[in-house]
S.K.: 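The structure that follows is given in the form of structure tokens.
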Amino acid sequence: NITVKIQDNMRKAMRAQAHNIAFVDALKQKIEDKQTLAISKKEIVLKNVATKSIERKEKYTKTTAEAIDAEKVKQIDAKMNRKQNLAIDNKEKLVSSITSKIHE
């Protein structure tokens, strides 16, 4: 009779231990799944941050390049205007010189 009770208690303890082991294994699996998901999300966030950083750099580089090009265009325009004004002045002087020689 006592042996049967001891055996029943042992079976209950074994079932409880088996249940606890299964529960712990399930929790471990759940933690691993969450860690895997967190790592995946972290990689996505890091990739997005890196992509945004590269896009900003390209934007600023492009803007800077456009500003440099615009400045070069302005310099070329100014140089052309100076040359055109000089050519007009030279033309007027030449016409004036020719006109004065004709009148002599």
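Values below: all heavy atoms of this structure, side chains included; hydrogens, waters and symmetry mates excluded.
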S.K.: Which distance, rounded to the nearest 0.5 Å, do you find between the OG1 of T61 and the CD1 of I54?
M.R.: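 It comes to 11.5 Å.
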S.K.: Has the side chain of S97 got a donor or acceptor atom that lies under 3.5 Å from a matching backbone atom of K93?
M.R.: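 Here the side-chain-to-backbone pair does not exist.
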S.K.: Nearest 0.5 Å, please: how far is CG in D69 from OG1 in T64?
M.R.: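 The distance works out to 11.0 Å.
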S.K.: Between T36 and E32, is there a donor-acceptor pair closer than 3.5 Å when you use the side chain of the first and the backbone of the second?
M.R.: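 Yes; at least one donor-acceptor contact below 3.5 Å.
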S.K.: Using salt bridge (Lys or Arg N to Asp or Glu O under 4.0 Å), reason through D33 and K30 one step at a time and then give a plain yes or no.
M.R.: CA-CA 5 Å; D33 292 344; K30 190 174 181 180; over 6 Å; no
S.K.: Enter the distance from I6:CD1 to N1:CG here, rounded to the nearest 0.5 Å.
M.R.: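 It is 10.5 Å, given to the nearest 0.5 Å.
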S.K.: Are L37 and V45 co-members of a hydrophobic cluster defined by side-chain heavy atoms under 4.5 Å apart?
M.R.: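 V45 and L37: separate clusters.
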S.K.: Does a side-chain heavy-atom distance below 4.5 Å link L86 with R82?
M.R.: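 SC-SC contact between L86 and R82 ruled out.
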S.K.: Can you tell me how far CG of L94 sits from CD1 of I98, rounded to the nearest 0.5 angstrom?
M.R.: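 Here the interatomic distance stands at 4.0 Å.
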S.K.: Just verifying a value: how many Å separate I44 CD1 and I39 CD1, rounded to the nearest 0.5 Å?
M.R.: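 Atom-to-atom, I44:CD1 and I39:CD1 are 12.5 Å apart.
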S.K.: As an exercise, state the distance from CD of E55 to NZ of K62, rounded to the nearest 0.5 Å.
M.R.: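 Going from CD on E55 over to NZ on K62, the span is 12.0 Å.
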S.K.: Mind running side chain to side chain contact (heavy atoms under 4.5 Å, CB included) on K79 and K83 for me, showing each step along the way?
M.R.: CA-CA 6 Å; K79 188 175 181 181; K83 283 185 177 182; 4.1 Å; yes
S.K.: With a 3.5 Å distance limit and no angle check, can you tell me whether T63 reaches the backbone of K59 through a side-chain donor-acceptor pair?
M.R.: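 Checked: pair present.
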S.K.: Begin with the C-alpha distance, continue with both residues' side-chain angles, and end with the deciding distance and a verdict on side chain to side chain contact (heavy atoms under 4.5 Å, CB included) for R15 and H19.
M.R.: CA-CA 6 Å; R15 275 191 238 128; H19 176 73; over 6 Å; no
